[in-house]
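Numbered from 1 within each chain, the chains take letters A, B, ... in sequence-line order.
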Number of protein chains: 2
Amino acid sequence: MPRTKQFDKQEVLEKAMELFWEKGFHATSMQDLVTHLGINRASLYDTFGGKEALFESAFQLYRQTSTKHIQQLFKSEQNVRQGFKVLFEKAIEESLNDPCKKGCFVVNTTTELIPGDVKIQRILLENKNNAETLFADYVQKGIANGQIDSAKDAKEIGLMLFTLFNGIRVLAKVDSNPSKLKKVVNLGLSVLA
Amino acid sequence: MPRTKQFDKQEVLEKAMELFWEKGFHATSMQDLVTHLGINRASLYDTFGGKEALFESAFQLYRQTSTKHIQQLFKSEQNVRQGFKVLFEKAIEESLNDPCKKGCFVVNTTTELIPGDVKIQRILLENKNNAETLFADYVQKGIANGQIDSAKDAKEIGLMLFTLFNGIRVLAKVDSNPSKLKKVVNLGLSVLA
DNA sequence: TTTGTATTGGAATGATTGTTCCAAATAAAA
DNA sequence: TTTTATTTGGAACAATCATTCCAATACAAA
């Protein structure tokens, strides 16, 4: 006697992610969401709880997706310097190709909701620590297989590259000039040499 | 017969700057401003026009102030590497000491109001170009006086350091661990050596 | 003191905010 | 077809939003 779901929760969540990503938490209204998600207002509350809960779910989806992409890239690309280069240049081109200039959802959320939202702040801290480790482990992999000088500090370099990555995500919103930013990437990656 | 101003426009603007800086444009209400600025609602509209105009004035004040600080630092510090180091570490300690974790008003505004606000976008692009030039000229100064290898590209290095600077402003909001970030600074400044 | 302006408190505006509720419609299982 | 659960449109809610207006007050120049 139970019915099957009429709409795909994941699809709806992806649309919510796009909206929050583009406009941020405060500038996105429930009316915006109801208009664009394709489901009813009541269903929205039934399924996701409310605006805050929906935002957190959408944000979590973004983090999972982008983390997975980076993990796959780092796993498939054996040349560590090349792996970072692809990651950075992908971010630059993503910003160039996106007419919305949404930038990075994590960076946007960091600057919009800190201070004020302690729950999000905890998530962001955890996310930063994960990314930091991900970067550092990849550098360590390069050291282990002899691509990178073993005298280098993997954690230090990992955090430095992650910092540069965040800076690129900010600047690409203002001026997505690919050639200039790609030179920045090359210069930044010189810490690996 | 004309009267003298009862309140200091500059003081009021500074308080508005603090509020917008901490909470952003959308999360700051006119009621917030009326409550904290110390002047009447009607006077606020008379003097500054409205929320958007007030934000732009407050934002302009921030840009002027911080640009002036950087210019002074670069002018007084003859050792270029040391100048950048002081600038970066000052930003880190500023974030550490600020319980509000307001971060950088320019970075916050970039990620909040792009896309959407074309007027602000133009201001931000101009600001980025100015900062880029400021950084590059300082690097060039180091090349001119022999502190930095003349084979280096001042513009490239300037933009790279500015990018790293923006990244630090983002990460310092999430986790203002001074020692780790200072290592990042040292590593980033190795592009000058 | 008179005059003219700056500033005030507070009400009022209309629009939008997030959220809740409900009867009607819909659709898949029994 | 009947049953049961999902989804819908739309109204209603109280709260807040940015903005405007006005009569009363405060204050400095004439």
May I have the distance from [X] (atom [atom1]) to [N] (atom [atom2]), rounded to whole angstrom?
X     : N      : atom1 : atom2 : result
B:K51 : D:dT19 : NZ    : C1'   : 12 Å
A:Q31 : D:dA15 : CD    : P     : 21 Å
B:L54 : D:dC17 : CG    : C1'   : 16 Å
B:M30 : D:dA15 : CE    : P     : 22 Å
B:F25 : D:dC17 : CZ    : P     : 13 Å
B:L37 : C:dT8  : CG    : C1'   : 15 Å
B:Y45 : C:dT8  : OH    : P     : 15 Å
B:D8  : C:dT7  : CG    : C1'   : 16 Å

OP1, OP2 of D:dT8 versus side-chain N and O of A:S43: anything below 4.0 Å?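 Affirmative; the distance criterion is met.
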
N/O (side chain, A:N40) to phosphate O (OP1/OP2, D:dT7) under 4.0 Å: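 It does not, given that no N or O in the side chain of A:N40 lies less than 4.0 Å from OP1 or OP2 of D:dT7.
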
Check: A:R81 and A:N186 side chains under 4.5 Å, non-hydrogen atoms: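 Yes. Closest side-chain heavy atoms under 4.5 Å.
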
Whether B:E112 and A:K23 form a salt bridge (side-chain N of Lys/Arg under 4.0 Å from carboxylate O of Asp/Glu) is what I want to check.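 Result for this pair is no, no salt bridge flagged.
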
Verify whether the ring centers belonging to B:F84 and B:F165 lie closer than 6.0 Å.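 No.
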
Determine whether the aromatic ring centres of B:F105 and B:F20 lie less than 6.0 Å apart.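 That pair fails the under 6.0 Å test.
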
Record whether the side chain of B:R41 comes under 3.5 Å of the base of C:dT8 through a donor-acceptor pair of N or O atoms.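 In this structure, the two groups form no donor-acceptor pair.
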
When we call it a touch if two heavy atoms are under 4.0 Å apart, what does A:S29 touch: a base, just sugar-phosphate, or nothing?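 If one applies the 4.0 Å heavy-atom cut-off, A:S29 turns out to touch the sugar-phosphate alone, with no base involved.
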
